[in-house]
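In what follows, chains are A, B, ... by sequence order, proteins preceding strands, each numbered from 1.
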2 protein chains.
Amino acid sequence: MVRIDDVAKRAGVSISTVSYALSGKRPVSERTREKIHLAARELGYLPNAGARMLAGRRTHIFALTEPFRADTHAPSHMAFVLAASIAARRHGYDILLLTDEDASQGMRRVEASGLVDGIIVLDVAPNDERAELARSIATPTVFVGVPNDATGLMCVDLDFSAAAATAVDRLADAGHRKIAMLGHPAGHYEATNYAPRVRQGFRDRARERGLDAVFRPLSETQFAAEDAYRLTLEFLDDGVTGIVLNSEERSYKAVLDAVSARGMDVPRDVSLISVGAIFDTSGYHRAIDSIPLIPERSCDLALEELVDAVERQQLDPGVRLVTPEYRSYGSVGAHSSSPRGSGPTP
Amino acid sequence: MVRIDDVAKRAGVSISTVSYALSGKRPVSERTREKIHLAARELGYLPNAGARMLAGRRTHIFALTEPFRADTHAPSHMAFVLAASIAARRHGYDILLLTDEDASQGMRRVEASGLVDGIIVLDVAPNDERAELARSIATPTVFVGVPNDATGLMCVDLDFSAAAATAVDRLADAGHRKIAMLGHPAGHYEATNYAPRVRQGFRDRARERGLDAVFRPLSETQFAAEDAYRLTLEFLDDGVTGIVLNSEERSYKAVLDAVSARGMDVPRDVSLISVGAIFDTSGYHRAIDSIPLIPERSCDLALEELVDAVERQQLDPGVRLVTPEYRSYGSVGAHSSSPRGSGPTP
DNA sequence: TTGAAAGCGATACCAC
DNA sequence: GTGGTATCGCTTTCAA
């Protein structure tokens, strides 16, 4: 094992100078700095993790708690883990996985042993037990998602409600008067924190804009596609000309199929906008405009906050909402009281 | 932060006794042992991770390298990560995620900094660059999967070839003379290490048993279901009475549909056996016998090997194959030269 | 701009 | 069966 002494010897300086040259925490003359970096590179030197943890007050490790729930959507979850991991590495931190034991156990353990500098909480549930725990420990913790009671917590998430509102605005601006939202199964509105925010944003903005708006959840996940198909037909037959989608991936194709089945076209007869999707919506027969949930955005911001809290030694709680991005693929068209559509509500 | 001194003081003993009592590395009298454990529990004491890493020669952390490839099947991958993580915790080890940088970088980094005691390699490719790297570093490494050149490596995996052979045996024993295997798209047989082993086991055992056997890969993932449906019809029309499945999940339903479409029944007219599936095959209209790939089996064994290598300070290379388990759900029936089937090959 | 040396908090050797 | 203490490799204060 290469130690700091080896580097010091090879560069002809003291170990403290090596430490400072490599960490940059103290100015070192250009010449010695180069000698040291060269020596370190040649020897393949990296500071011993344990020693660094002990002497410094930093482990350079973040814990990532992720309850592998039964209903966890694996691809999305992986995308978040990856995004968090990459963001962490960018700041020089490694990721320690906290899975098994009931999340709280793991958090307590890394807290007590000083294994990590901070904790990242993924897959946040409305009544997440980790919220209370996070308040009770000294290790800075950031939530990617927002629990019901976010008091004293650092949270980062997409502004789902603004995303839905934006979708409504787009449709309203294009002249649509009668719109609908296809949502997740009803259970999601209890089990997740984001689904209700999407629905809320949709309803509120529709009211503000004076639109005739209807919200419909899918029934059960087992039949998402069939359900989406049926509900879409109902929408169309009701004269809906703009649909906001916030449901699982396989329902999207069904929606497009239903539109075709009525001999209609997107965006000529009906406009579609996806909200909060983590998958690509541009690859369908008809690409669908999207206000996506981008794991990188949330994770990048979350890690910025966390690193900041760790290095400034104090966290400032609060919910940071990521501004939605609108991705236009041509699925929204102008509407002017078509022969098919029923008129707007008075 | 609670330190070992605090515990020692509270228990009225020296810190070395505390250390020994908690680690169990030296006999301690019943009475003092209890005093110490009580004190530790009351104070919520856990040894400081950094100090433990530095003083001991163990970090109690394993790295987990997982290249998030585009073709990675998220649910399977998550199952393996979870299984590895749980197995690690059972041995007192934490899991550090190595994702970003090209896998090798991460492995080199944790090696040089002494951050981990061992490395777990998931999602092994035939020509995995991590194989060569593993040979070049001192950190014990275990592969869950088998690269082409496994020389000097510790590998653990399901015995895919034996699994396929077992499936063939079951069909042969039940009197089937003409069987088929529905495989992954052709690309899998280059890109993965297990697919060829399944095919090999299927072909070899079929030859040994003198069966008329045909292997057919799906064409492209995009149309897995359609493909499986079509191929199954061909099998049936050809007089095949036993089908071994080793293909993606959504093709299974298609196979069952195709059987129904021909007015046939499982297992009356045709027998089905799934090989190497990680998903549940018992939930279909007709439950399908399965010789599954069980992440826990592979990971448990892999971690046993790794922990052993770490603690004995020497690894013994070799490929450990997990014995397949047959799960019977009634999709295999006896066959005796049915009117539909063509006779066996001479 | 650089160096000497005091910790950081455990482990484990050596005494008793 | 128990206790003192050198030691692990680095960071950082204090001095020069």
Side-chain angles (χ1 to χ4, degrees), chain A residues 1-37 39-40 43-61 92 109-115 117 310-311 313, chain B residues 1-37 39-40 43-61 92 110-117 310-311 313:
Chain A
M1 165 183 249
V2 184
R3 288 162 317 166
I4 197 170
D5 317 46
D6 303 320
V7 179
K9 219 163 291 168
R10 186 174 244 266
V13 295
S14 72
I15 65 164
S16 57
T17 303
V18 172
S19 178
Y20 285 122
L22 295 179
S23 73
K25 292 189 180 174
R26 185 167 90 172
V28 169
S29 84
E30 179 68 15
R31 236 179 72 67
T32 49
R33 212 187 54 77
E34 278 180 3
K35 273 193 306 190
I36 290 170
H37 277 270
L43 296 174
Y45 169 77
L46 280 186
N48 175 277
R52 203 160 67 135
M53 287 166 77
L54 187 55
R57 58 212 309 178
R58 210 117 304 158
T59 71
H60 297 273
I61 299 178
R109 189 167 54 77
V110 294
E111 152 90 350
S113 62
L115 222 193
D117 294 332
V310 168
E311 304 194 334
Q313 304 239 68
Chain B
M1 165 182 250
V2 185
R3 288 163 316 165
I4 196 170
D5 317 45
D6 303 320
V7 179
K9 218 163 293 166
R10 185 175 245 264
V13 296
S14 72
I15 65 163
S16 56
T17 301
V18 172
S19 178
Y20 285 122
L22 295 180
S23 72
K25 292 190 182 175
R26 188 167 88 170
V28 170
S29 84
E30 180 68 15
R31 237 181 71 67
T32 49
R33 213 187 55 76
E34 277 180 3
K35 272 194 308 191
I36 291 170
H37 277 271
L43 296 174
Y45 168 77
L46 279 186
N48 176 276
R52 204 158 69 132
M53 288 165 78
L54 187 55
R57 59 211 306 176
R58 210 116 304 158
T59 70
H60 296 274
I61 300 178
V110 293
E111 151 92 349
S113 63
L115 221 194
V116 306
D117 294 333
V310 167
E311 304 193 334
Q313 303 240 68

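When the side-chain nitrogen and oxygen atoms of Ser16(A) are compared with OP1 and OP2 of dG3(C), none of them lie within a distance under 4.0 Å. Residue Thr32(A) places at least one side-chain N or O closer than 4.0 Å to OP1 or OP2 of dT2(C). The shortest distance between the side-chain N/O atoms of Ser14(A) and the OP1/OP2 oxygens of dA4(C) is not below 4.0 Å. Proximity of Lys25(B) to the phosphate of dT11(C): no side-chain N or O atom is located under 4.0 Å from OP1 or OP2.
Rounded to a whole Å, the CD1 atom of Ile15(B) is 9 Å from the C1' atom of dG4(D). Between Asp5(B) atom CG and dT5(D) atom P there is a gap of 14 Å when expressed in whole angstrom units. With rounding to whole Å, Glu34(B) atom CD is found 15 Å from dG1(D) atom P. Rounding to whole angstrom units, CD1 of residue Ile36(A) and C1' of dT2(C) are separated by 10 Å. Summarising the geometry, the separation between CD1 on Ile4(A) and P on dT12(D) is reported as 11 Å, rounded to the nearest angstrom. For the pair Arg33(B) CZ and dT2(D) C1', the interatomic distance rounds to 16 Å; values are reported in whole Å. Whole-Å rounding puts the Leu22(B) CG to dG9(C) C1' distance at 14 Å.
Nucleic acid contact for Val2(B): sugar-phosphate only, since backbone atoms but no base atoms lie under 4.0 Å from a heavy atom of the residue. Nucleic acid contact class of Ser29(A) (heavy atoms, under 4.0 Å, all strands): sugar-phosphate only.
Contact of the Leu46(A) side chain with the Glu111(B) side chain is not registered, since no non-hydrogen atoms from C-beta on lie closer than 4.5 Å. In this structure, Ile4(A) and Leu22(A) have side chains that are not in contact, with every pair of non-hydrogen atoms separated by 4.5 Å or more. Arg33(A) is not listed as a side-chain neighbour of Ile36(A), based on a closest heavy-atom distance of 4.5 Å or more.
Listed by residue number, Leu54(B), Ala55(B) are the residues of residues 45-59 of chain B with a heavy-atom contact under 4.0 Å to DNA chain D.
Donor-acceptor pairing under 3.5 Å, judged by distance alone, is absent between the side chain of Thr17(A) and the base of dG3(C).
Taking the C1' atoms of five terminal pairs at each end of the helix from dT1(C)-dA16(D) to dC16(C)-dG1(D), the two resulting helix axes are inclined by 30°, rounded to 10°.
Each side chain to side chain donor-acceptor pair (under 3.5 Å) pair with one or both residues in residues 43-59 of chain A, not counting sequence neighbours, appears once here: Thr59(A)-Asp117(A).
Residue whose closest nucleotide on DNA chain D sits further toward the 5' end, between Ser23(A) and Arg26(A): Ser23(A).
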